[in-house]
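One-based numbering, in listed order, for ligands and for the atoms of each.
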Amino acid sequence: MSAALIWVVSPNSELCNGLGFLETKEKRGFNRLNNIVSRKRDVVRRVVANPSGNLAISSEQLVYDVVLKQAALVKEQMRSRAEEVEDVEVKPDVVLPGTLGLLNEAYDRCGEVCAEYAKTFYLGTLLMTPERRKAIWAIYVWCRRTDELVDGPNASHITPKALDRWESRLEDLYNGRPFDMLDAALSDTVSKFPVDIQPFKDMIDGMRMDLRKSRYENFDELYLYCYYVAGTVGLMSVPIMGIAPESNAPTESVYNAALALGIANQLTNILRDVGEDARRGRVYLPQDELAQAGLSDEDIFAMKVTDKWRFFMKKQIKRARTFFDQAEEGVTQLSSASRWPVWASLLLYRQILDEIEANDYNNFTKRAYVSKPKKIVALPIAYAKSLVPPSSRNLVSN
Ligand SMILES: CC(C)=CCC/C(C)=C/CC/C(C)=C/CC/C(C)=C/COP(=O)(O)OP(=O)(O)O
């Protein structure tokens with residue numbers, strides 16, 4: 001069992017009771033918006049699920065709906081914060097004695113997990129304000145634990161039922177009833193920042209997809225998978241990282257860029273790990289594009305770099321880069337303290353694509369990685385980029 005899962009502790013009622021999840025005006029506003037957008041999403045789902053027709057709505061459109069919803073939450077929060085400044089009736093949050101220490105301990109554990117599994121990322125979070133850093137750790141840990149369910153040492157025992165239980169734990173922590181300490185940290189985070197539950201639920205859906213599916217017919221199907229497992233992280237992160245107060249960009253355009261970064265990272269991950277995935281019987285590449293290039297699963301399992309493979313890979317790398325380009329436009333709009341770590345991770349992950357090229361597209365038996373010296377060079381470049389102030393010039397909503 002991984003360290004992240006060993007740290008699961010039994011429910012702590014003192015901590016659970018004392019988190020003070022008050023029904024604030026902000027929350028009521030979010031819920032109103034949630035309901036409106038959820039209804040719209042259900043309609044879209046029905047259209048997609050209609051058995052008599054073909055896919056009427058693309059994955060991209062479906063996902064954009066979540067982007068709009070998350071952006072609406074942030075706008076609503078900003079509006080209600082402004083109202084609350086004038087509202088003398090608003091009560092302060094009640095924190096019961098003793099709970100703060102436990103909560104800090106919970107956040108510290110999240111930080112330890114993050115430091116253990118994602119060192120560079122952890123260092124980046126140290127540049128953020130303490131509140132933001134702790135929230136990012138809590139989100140990271142939840143994502144890591146979710147991923148461990150299907151990718152960790154106990155993955156072979158994971159059933160759809162276990163994922164259903166994980167989802168009801170998620171709902172519980174959103175309702176102020178965390179199951180363990182790590183959940184309590186996230187519970188506190190989502191009570192403080194306008195992070196919608198939908199991306200979390202969608203990530204669990206991604207794990208469900210991974211359990212039942214090992215092939216993707218076309219890019220539309222792959223896009224949806226990438227959104228579920230990585231684009232969601234982008235959407236969860238922006239409310240924490242914050243948009244620069246001086247940014248004029250439409251909120252949804254920043255979320256779109258965050259989504260693009262998640263998709264770009266996941267596509268890069270897939271291209272880097274073709275050989276490793278094939279050894280597990282998995283092919284995360286669009287089957288129709290493989291066929292168009294005169295390739296099939298057999299070619300992948302044969303693990304031979306041919307001209308057909310190089311040609312296919314060039315197109316896949318090009319597509320991943322377009323998502324990185326889209327993401328770059330949004331990083332500048334983030335709050336100043338969040339820009340450096342995001343630029344650093346973007347530049348580093350993007351370089352994996354260069355390394356695949358440098359390996360002459362042998363992603364079957366060679367794992368592309370960015371060397372330490374190259375990582376070190378990327379940091380000041382990322383810093384210089386993070387100094388560029390926001391501008392709405394290049395950003396479009398969709
Ligand atoms: C661009 C804007 C506006 C905001 C940034 C929003 C963010 C933080 C987006 C990033 C989303 C993200 C980190 C997605 C996860 C992607 C991914 C493929 C992670 C890989 O995780 P591991 O499998 O642990 O990676 P390695 O195998 O490379 O260690």
Side-chain angles (χ1 to χ4, degrees), residues 2 4 67 70-71 74 113-114 116-122 124-125 127-128 132-133 135-137 139-148 150-152 195 199 202-203 206 210 222 225-244 247 249-273 276-277 284 320 323-353 355-356 363 367-370 375 382 385-386 390 392 394-395:
S2 78
V67 170
Q70 180 59 74
V74 173
V113 176
C114 190
E116 162 118 12
Y117 287 95
K119 268 195 186 65
T120 321
F121 175 68
Y122 174 77
T125 61
L127 301 170
M128 300 172 182
R132 284 185 178 155
R133 163 193 322 156
I136 288 285
W137 292 343
I139 289 181
Y140 174 85
V141 166
W142 186 88
C143 293
R144 175 97 222 161
R145 292 168 102 189
T146 306
D147 188 58
E148 289 269 334
V150 292
D151 241 2
V195 193
D202 286 345
M203 182 176 274
D210 231 358
L222 185 64
Y225 174 71
C226 292
Y227 159 67
Y228 280 153
V229 300
T232 47
V233 184
L235 301 191
M236 296 166 191
S237 309
V238 175
I240 314 294
M241 294 185 163
I243 299 175
S247 167
T251 312
E252 54 271 31
S253 69
V254 184
Y255 278 92
N256 236 7
L259 168 68
L261 185 53
I263 304 277
N265 284 347
Q266 188 60 30
L267 288 175
T268 302
N269 201 278
I270 286 171
L271 297 178
R272 182 193 65 190
D273 297 343
E276 200 181 309
D277 289 334
Y284 293 98
F323 282 99
F324 277 117
D325 291 345
Q326 234 174 292
E328 285 198 8
E329 294 167 15
V331 190
T332 314
Q333 310 299 325
L334 292 173
S335 67
S336 58
S338 305
R339 294 202 286 266
W340 190 10
V342 174
W343 268 120
S345 77
L346 187 154
L347 295 179
L348 290 176
Y349 232 76
R350 191 184 180 130
Q351 278 189 65
I352 296 176
L353 298 173
E355 298 300 328
I356 298 174
N363 43 5
R367 186 180 163 99
Y369 75 99
V370 181
K375 278 186 182 167
K385 283 179 176 284
S386 74
S392 59
N394 299 322
L395 276 172

Protein residue, atom and distance nearest to [atom], heavy-atom basis:
atom: atom 24 (O) of ligand 1; result: Arg144 NH1, 4.1 Å
atom: atom 14 (C) of ligand 1; result: Ala230 O, 3.6 Å
atom: atom 18 (C) of ligand 1; result: Gln266 OE1, 3.2 Å
atom: atom 17 (C) of ligand 1; result: Asn265 CB, 4.0 Å

Checklist entry - Got a protein heavy atom sitting under 4.0 Å from atom 29 (O) of ligand 1? => result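 Looking at atom 29 (O) of ligand 1, one finds that no protein heavy atom lies closer than 4.0 Å.
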Item to check | Region of Leu334 engaging ligand 1 - heavy atom pairs below 4.0 Å | outcome: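 Within the 4.0 Å criterion, Leu334 contacts ligand 1 through side-chain atoms alone.
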Checklist entry - Using heavy atoms and a threshold below 4.0 Å, how should the contact between Arg272 and ligand 1 be classified: side chain, backbone, both, or neither? => result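 The side chain, only.
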Checklist entry - Run the side-chain contact (heavy atoms from CB on, under 4.5 Å) check on Val229 and Gln266 step by step: do they pass? => result CA-CA 8 Å; Val229 300; Gln266 188 60 30; 3.6 Å; yes
Next on the checklist: For Asp147, give me all partners under side-chain contact (heavy atoms from CB on, under 4.5 Å), at least two apart in sequence or on another chain.
Outcome noted: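 So Asp147 forms a side-chain contact (heavy atoms from CB on, under 4.5 Å) with Asp151, Met207.
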Checklist entry - Of the listed options (Val229, Asn269, Val342), which comes nearest to atom 23 (O) of ligand 1 when hydrogens are ignored and any heavy atom counts? => result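 Comparing heavy atoms across Val229, Asn269, Val342, the nearest one to atom 23 (O) of ligand 1 lies in Asn269.
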Item to check | Nearest candidate to atom 6 (C) of ligand 1, where distance is taken over non-hydrogen atoms, out of Ala258, Gly330, Ala257, Cys143 | outcome: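 It is Ala258 that holds the nearest heavy atom.
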Item to check | Gly234: numbered ligand 1 atoms lying under 4.0 Å from its heavy atoms | outcome: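 Going through ligand 1 atom by atom, the ones under 4.0 Å from Gly234 are 6 (C), 7 (C), 9 (C), 11 (C).
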Checklist entry - Quick one: which ligand 1 atoms are inside 4.0 Å of a heavy atom on Val233? => result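 That gives atoms 11 (C), 12 (C), 14 (C) of ligand 1.
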Item to check | Tyr349, any N or O under 3.5 Å of ligand 1 N or O | outcome: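 Between Tyr349 and ligand 1, an N or O pair is found under 3.5 Å apart.
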Next on the checklist: Looking at Arg272 and Ala368, would you say the former's side chain and the latter's main chain have a donor-acceptor pair under 3.5 Å?
Outcome noted: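 No; zero donor-acceptor contacts below 3.5 Å.
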Next on the checklist: One thing to verify: whether Glu116 and Arg144 come together as a salt bridge, which I'm taking to mean a side-chain N less than 4.0 angstrom from a carboxylate O.
Outcome noted: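 Not counted as a salt bridge, because no side-chain N and carboxylate O are separated by less than 4.0 Å.
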Item to check | Derivation and outcome, side-chain contact (heavy atoms from CB on, under 4.5 Å), residues Ile136 and Phe121 | outcome: CA-CA 10 Å; Ile136 288 285; Phe121 175 68; 3.5 Å; yes
